[in-house]
Amino acid sequence: MRVLISACLLGVACRYDGKSRACPEAVRLLENYELIPVCPEQLGGLPTPRPPAEIQKNGRVISRTGEDVTAAYRKGAEETLGLCRLTGCRAAVLKANSPSCGCGQVYDGSFSGVLVPGSGITAQLLKDHGVRVLTEEDLLSSGGAVF
């Protein structure tokens with residue numbers, strides 16, 4: 001089974017701050033699954049590093065510097081969905097709380113660290129197209145037994 005996965009969870013330094021967020025449980029998935037690493041924000045044309053961004057109440061994605069980066073997030077989501085279809089992935093493990101990859105909760109748009117119910121742009125698009133979306137937090141809480 002092929003699984004789409006946020007590249008930062010595998011140790012790729014592609015996060016907004018130029019770092020990774022390697023997750024041992026995510027790396028262990030390599031033992032049983034073919035992982036397809038992806039960074040929707042990079043696929044959308046954003047640089048690394050880049051200013052942090054959050055989804056606003058109106059659905060726009062705005063960087064901490066005030067730039068509207070919604071189009072880049074949408075492009076990255078579409079590119080990720082295309083990669084998912086091309087490789088036959090029916091599941092994805094994405095970075096929790098991210099404005100791209102968060103599933104179930106994201107930051108509230110105030111850059112204050114407050115989480116609210118919702119999903120990132122990519123996570124929502126994948127879910128809308130029938131892809132099972134999990135986060136590394138699901139891996140941690142289940143001991144990696146999620147598929």
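Contact between A77 and I121 at its shortest, heavy atoms only, is CB-CG2, 3.9 Å. A26 approaches I5 most closely through the heavy-atom pair CB-CD1, 3.7 Å. Among all heavy-atom pairs drawn from Y73 and T122, the shortest one is O-OG1, 4.5 Å. The two residues S63 and V69 make their nearest non-hydrogen contact at N-CG2, 4.3 Å. Of all heavy-atom pairs between D108 and S110, the closest is OD1-OG, 2.6 Å. Across all their heavy atoms, P49 and G18 have their closest contact at CB-N, 3.8 Å.
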Checking E137 against N97 for the side-chain contact (heavy atoms from CB on, under 4.5 Å) test, could you report, in this order, the C-alpha distance in whole Å, the side-chain angles of both residues, the deciding distance, and whether it holds?
CA-CA 10 Å; E137 292 175 355; N97 309 328; 4.0 Å; yes
Test side-chain contact (heavy atoms from CB on, under 4.5 Å) on L125 and T80; report intermediate values, then the result.
CA-CA 9 Å; L125 184 65; T80 301; over 6 Å; no
Under the criterion side-chain contact (heavy atoms from CB on, under 4.5 Å), I'd like the reasoning laid out for V27 against L10: C-alpha separation, chi angles, the key distance, then a yes or no.
CA-CA 6 Å; V27 174; L10 296 177; 4.2 Å; yes
Step by step, work out the side-chain contact (heavy atoms from CB on, under 4.5 Å) result for D138 and T135.
CA-CA 5 Å; D138 296 312; T135 70; 3.6 Å; yes
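Counting only distance, with no hydrogens or angles, the side chain of E54 and the backbone of F111 share a donor-acceptor pair below 3.5 Å. In this structure a side-chain-to-backbone donor-acceptor pair under 3.5 Å is missing from S6 to C8. For the pair R50 (side chain) and P47 (backbone), a donor-acceptor distance under 3.5 Å is present. Looking only at distances, a side-chain donor or acceptor of E136 sits under 3.5 Å from a matching main-chain atom of A96.
You'll find the side chain of R132 stays beyond 4.5 Å of the side chain of R90, heavy atoms only. Between Y107 and I55, every side-chain heavy-atom pair lies at or beyond the 4.5 Å cut-off. Inter-residue side-chain proximity for L94 and L126 is flagged as met; some heavy-atom pair is nearer than 4.5 Å. For the pair I62 and D68, the minimum side-chain heavy-atom distance is below 4.5 Å.
Residues L30 and L134 fall within the same hydrophobic cluster, defined by Ile, Leu, Val, Met, Phe, Trp and Tyr side chains chained together at heavy-atom separations under 4.5 Å. When hydrophobic clusters are built by joining Ile, Leu, Val, Met, Phe, Trp and Tyr residues whose side-chain heavy atoms come closer than 4.5 Å, directly or via intermediates, V131 is not grouped with L139. Taken together through direct or relayed side-chain contacts under 4.5 Å among Ile, Leu, Val, Met, Phe, Trp and Tyr, V61 and V116 form parts of separate hydrophobic clusters. At a threshold of 4.5 Å between side-chain heavy atoms, the hydrophobic network of Ile, Leu, Val, Met, Phe, Trp and Tyr places L35 and L83 in two separate groups. Linking Ile, Leu, Val, Met, Phe, Trp and Tyr residues whenever their side-chain heavy atoms come within less than 4.5 Å leaves M1 and I36 in two separate clusters.
Summarising the geometry, atom CD belonging to E79 is positioned 14.0 Å from atom CD belonging to E41; distances are rounded to the nearest 0.5 Å. Atom SG of C39 sits about 8.5 Å away from atom CG of L46, to the nearest 0.5 Å. With values rounded to the nearest 0.5 angstrom, Y16 atom OH is found 7.0 Å from R64 atom CZ. Once rounded to the nearest 0.5 Å, the distance linking CG of L4 with OG1 of T87 reads 6.5 Å.
One finds a salt bridge joining E25 and R28 here, because a Lys/Arg side-chain nitrogen approaches an Asp/Glu carboxylate oxygen to under 4.0 Å.
Around CZ of R15, the count of heavy atoms belonging to other residues, nucleotides or ligands within 6.0 Å exceeds 12. Within 6.0 Å of atom NZ in K127, more than 12 heavy atoms from other residues, nucleotides or ligands are found, so the atom counts as buried in its surroundings.
For S100 and S98, the side-chain atoms include no donor-acceptor pair closer than 3.5 Å.
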